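Below is one structure; the comments refer to it alone.
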Amino acid sequence: MDIGVQLGSSENERVWAETQASPEFQDLKRRFRGFAFPVTVAFLVWYFGYILLTAFARDWVSTEVAPNINIAIILGVLQFASTFFIAWLYERHSSKHLDAASDSLRDKINEQIGHKA
């Protein structure tokens with residue numbers, strides 16, 4: 001391996017390590033996790049709740065609320081709706097709280113490692 005490549009590689013590793021330890025990166029990670037983890041847990045509870053209801057509360061979920069429409073179908077459609085709603089919420093959160101900070105970090109890293117955008 002070429003010595004210049006080795007030196008460049010260790011320099012890149014230093015930049016990445018410093019970036020990961022930086023307050024900017026830690027704040028970005030905190031903001032992402034502050035949204036993603038609670039929403040993921042809430043969705044999984046909702047999803048597995050639906051599965052458990054259809055498995056163990058068949059009489060209730062088979063209750064007809066309109067001709068050919070029961071509670072299970074409504075809950076199933078709401079599963080899809082909640083997925084799209086979460087995607088929309090994440091896009092809003094990302095645009096407002098993550099994108100600018102992420103772009104700034106990317107530009108800073110690219111400048112330090114000599115990568116042209």
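No experiment lies behind these values; they were computed from the predicted model shown.
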(Q) Just to verify, what does E111 make a salt bridge (charged side-chain N to carboxylate O under 4.0 Å, His left out) with, not counting sequence neighbours? (A)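 Expected list: none.
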
By salt bridge (charged side-chain N to carboxylate O under 4.0 Å, His left out), D27 pairs with (sequence neighbours left out) R30, R31

Self-check item: Donor + acceptor pair across side chains of N70, S62 (<3.5 Å)
Solution: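 There is no such pair (donor and acceptor under 3.5 Å, judged by atom type) between the side chains of N70 and S62.
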
Side chains of E91 and S95: donor-acceptor distance under 3.5 Å anywhere?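 Side-chain D/A pair, E91 to S95: present.
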
Hydrophobic cluster identity match, [X] and [Y], side-chain contacts under 4.5 Å:
X	Y	value
V65	V61	yes
I73	F84	no
F48	F43	yes

Quick one: name the residues clustered hydrophobically with I113, using the 4.5 Å side-chain heavy-atom rule over I, L, V, M, F, W, Y, and just say none if it's on its own.
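Taking Ile, Leu, Val, Met, Phe, Trp and Tyr as members, I113 shares its hydrophobic cluster with V15, W16, I109.
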
Where do [X] and [Y] come nearest, in terms of heavy atoms and distance?
X	Y	value
S102	L28	CA-CD2, 4.0 Å
T19	F25	O-CB, 3.0 Å
P38	R33	CD-O, 3.4 Å
A72	Y50	O-OH, 3.5 Å

Any chance you could measure [X], atom [atom1], to [Y], atom [atom2], to the nearest 0.5 Å?
X	Y	atom1	atom2	value
I71	L53	CD1	CG	9.5 Å
L98	L105	CG	CG	11.0 Å
L75	T54	CG	OG1	9.0 Å
R92	H97	CZ	NE2	8.5 Å
I51	L44	CD1	CG	11.0 Å

What residues form a ring pair (Phe, Tyr, Trp, His ring centres under 6.0 Å) with F35, not counting sequence neighbours?
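Checked F35 against ring pair (Phe, Tyr, Trp, His ring centres under 6.0 Å); matches are Y90, H93.
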
Please enumerate all residues that pass side-chain contact (heavy atoms from CB on, under 4.5 Å) together with L52, with sequence neighbours excluded.
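Testing L52 for side-chain contact (heavy atoms from CB on, under 4.5 Å), a comparison that skips the adjacent residues, returns F56.
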
> Pairs in or reaching into residues 52-71: which pass salt bridge (Lys or Arg N to Asp or Glu O under 4.0 Å), with residues at least two apart or in two chains?
Replying inline: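 Checked against salt bridge (Lys or Arg N to Asp or Glu O under 4.0 Å) - neighbours excluded - no pair reaches residues 52-71.
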
> Does the side chain of V39 come within less than 4.5 Å of L89's, by heavy atoms?
Replying inline: no

(request) Begin from the C-alpha positions of W46 and Q79 and carry the test side chain to side chain contact (heavy atoms under 4.5 Å, CB included) through to its verdict. (result) CA-CA 8 Å; W46 159 231; Q79 286 287 318; 2.9 Å; yes

Check: Please walk me through it: do E11 and Q112 pass side chain to side chain contact (heavy atoms under 4.5 Å, CB included)?
Finding: CA-CA 9 Å; E11 178 64 19; Q112 289 177 348; over 6 Å; no

Intermediate values then yes/no, side chain to side chain contact (heavy atoms under 4.5 Å, CB included), T83 and W88 = CA-CA 9 Å; T83 300; W88 176 76; over 6 Å; no

